[in-house]
Enquirer: 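One structure coming up, written as structure tokens, with questions to follow.
To find a chain, count down the sequence lines: A is the first, B the second, and so on, and within it residues start at 1.
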Amino acid sequence: MTYQIIDESYCRGDTAEIARNLLGTILVHFSPEGLTSGIIVETEAYLSQNDPACHAARGKTKRNAAMFGPPARAYVYFIYGNHYCFNVVTNEAGKGEAVLIRALEPVKGLHLMQERRGKNHKKTNLTSGPGKLCQAMGITGEHNGCPLFQDPLFIAICKGWRQDFDIGVSGRIGINKAQDKQLRFFVKGNPFVSR
DNA sequence: GGGAAGATGTTCT
DNA sequence: GAACATCTTCCCT
């Protein structure tokens, strides 16, 4: 499988469209413990306009500052006392938009993912949720603001994974505000999609 | 200073 | 399907 790493321009423009486009791309992390990677199969868009569920809705804070930075960077935040969530910053710097990566199909480093997740999880339980995939991939708050087009953490378009998948659309998961917005995108029928 | 909510995961019934 | 663990962040109930 050959990769073509994305560049900054890939994440400029309409955030919902980028959320769709990210489906079927691969997230790769060269960590000190080893390589892990997975195909992105579920995403959610968070917008700056008319979207109270977006962390940037109430303006820039210390926590969400990375969302207001340049696109194609990571926005990683800590939630519920236990979990990290990984986002791709989109649109232009200053906007405050991002795409939450909700699920991956593991490709490489399965053993390391098992180790990081602890216990004896099934393959489908390694990366099928935003908190799970961060733990499995070794993504933490250290990666907040990191570029996503160079080592050690990057997203690439891969030739070789099937490109003929159907895209499902639904309301976003786990939020109380703006539940009617159809901003969740996923690969239909993929067993690694959450829920 | 304090409280409540939060883009979740796990375990139990 | 529901309860709960766990703790940071942000805006005052």
Enquirer: Counting side-chain heavy atoms from C-beta on, which of dG6(B), dT10(B), dA7(B) comes nearest to Tyr75(A)?
Expert: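 Minimum distance to the Tyr75(A) side chain belongs to dA7(B).
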
Enquirer: Starting from P on dA7(B), measure out to CZ on Arg172(A) and report it in whole angstrom.
Expert: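 Those two atoms, CZ and P, are 10 Å apart.
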
Enquirer: Might you work through the salt bridge (Lys or Arg N to Asp or Glu O under 4.0 Å) test for Arg12(A) and Asp7(A), ending with a clear yes or no?
Expert: CA-CA 10 Å; Arg12(A) 289 209 182 100; Asp7(A) 57 15; over 6 Å; no

Enquirer: Within this structure, what is the CG-to-P distance between Leu100(A) and dG6(B), rounded to whole angstrom?
Expert: 16 Å

Enquirer: Name the nucleic acid region contacted by Arg117(A), choosing base, sugar-phosphate or nothing; use a 4.0 angstrom heavy-atom cut-off, strictly under.
Expert: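 Sugar-phosphate, backbone atoms only, no base.
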
Enquirer: Nearest whole angstrom, please: distance from the C1' of dA2(C) to the CZ of Arg195(A).
Expert: 13 Å

Enquirer: Would a single hydrophobic cluster contain both Val99(A) and Ile175(A), if residues Ile, Leu, Val, Met, Phe, Trp and Tyr are joined by side-chain heavy-atom contacts under 4.5 Å?
Expert: no

Enquirer: Roughly how far apart, to the nearest Å, are dG2(B) and dT6(C) at atom P?
Expert: 22 Å

Enquirer: According to ring-ring contact (aromatic ring centres under 6.0 Å, His included), who are the partners of Tyr10(A), at least two apart in sequence or on a separate chain?
Expert: none

Enquirer: Quantified in whole Å, what is the P atom distance between nucleotide dA3(C) and nucleotide dA5(B)?
Expert: 16 Å

Enquirer: Specify the residue among Gly131(A) and Asn176(A) whose closest nucleotide of DNA chain B lies further upstream toward the 5′ end.
Expert: Asn176(A)

Enquirer: Scan nucleotides 5-13 of chain C nucleotide by nucleotide, 5' to 3', and note B when protein non-hydrogen atoms come under 4.0 Å of the base, S if they reach only the sugar-phosphate, - if neither.
Expert: BBBSSSS--

Enquirer: Expressed as a whole number of angstroms, how long is the span from Tyr46(A):OH to dG6(B):P?
Expert: 12 Å

Enquirer: Looking just at side-chain N and O atoms, do Ser31(A) and Arg116(A) make a donor-acceptor pair shorter than 3.5 Å?
Expert: yes

Enquirer: Within this structure, what is the CZ-to-C1' distance between Arg102(A) and dG9(B), rounded to whole angstrom?
Expert: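 Interatomic distance, CZ of Arg102(A) to C1' of dG9(B): 12 Å.
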
Enquirer: Answer yes or no for Arg102(A) and Phe185(A): cation-pi contact, defined as NZ/CZ to six-membered ring centre under 6.0 Å and angle to ring axis within 45°.
Expert: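 Checked: cation-pi criterion not met.
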
Enquirer: When the C1' atoms of dT10(B) and dT9(C) are compared, how many Å lie between them, rounded to an integer?
Expert: 24 Å

Enquirer: Does the pair Asp51(A)/Arg172(A) count as a salt bridge with the N-to-O cut at 4.0 Å?
Expert: yes

Enquirer: How many Å lie between CD on Glu42(A) and P on dA7(B), as a whole number?
Expert: 16 Å

Enquirer: With pairs defined as Watson-Crick or G-U wobble and both distances under 3.5 angstrom, please note down DNA chain C as a dot-bracket string, | for pairing with another strand.
Expert: |||||.||||||.

Enquirer: Does the side chain of Glu105(A) pick up a donor-acceptor pair with the side chain of Thr127(A) at under 3.5 Å?
Expert: no

Enquirer: How many Å lie between CD1 on Ile173(A) and P on dG9(B), as a whole number?
Expert: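 About 10 Å, once rounded to whole Å.
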
Enquirer: Could you check whether Ser48(A) and Glu97(A), counting side-chain N and O atoms only, form a donor-acceptor pair closer than 3.5 Å?
Expert: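 On atom types as modelled, these side chains qualify, holding a pair under 3.5 Å.
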
Enquirer: What class does the angle between the rings of Tyr75(A) and His55(A) fall in, given that below 30° is parallel, 30 to 60° is tilted and above 60° is perpendicular?
Expert: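 Perpendicular.
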
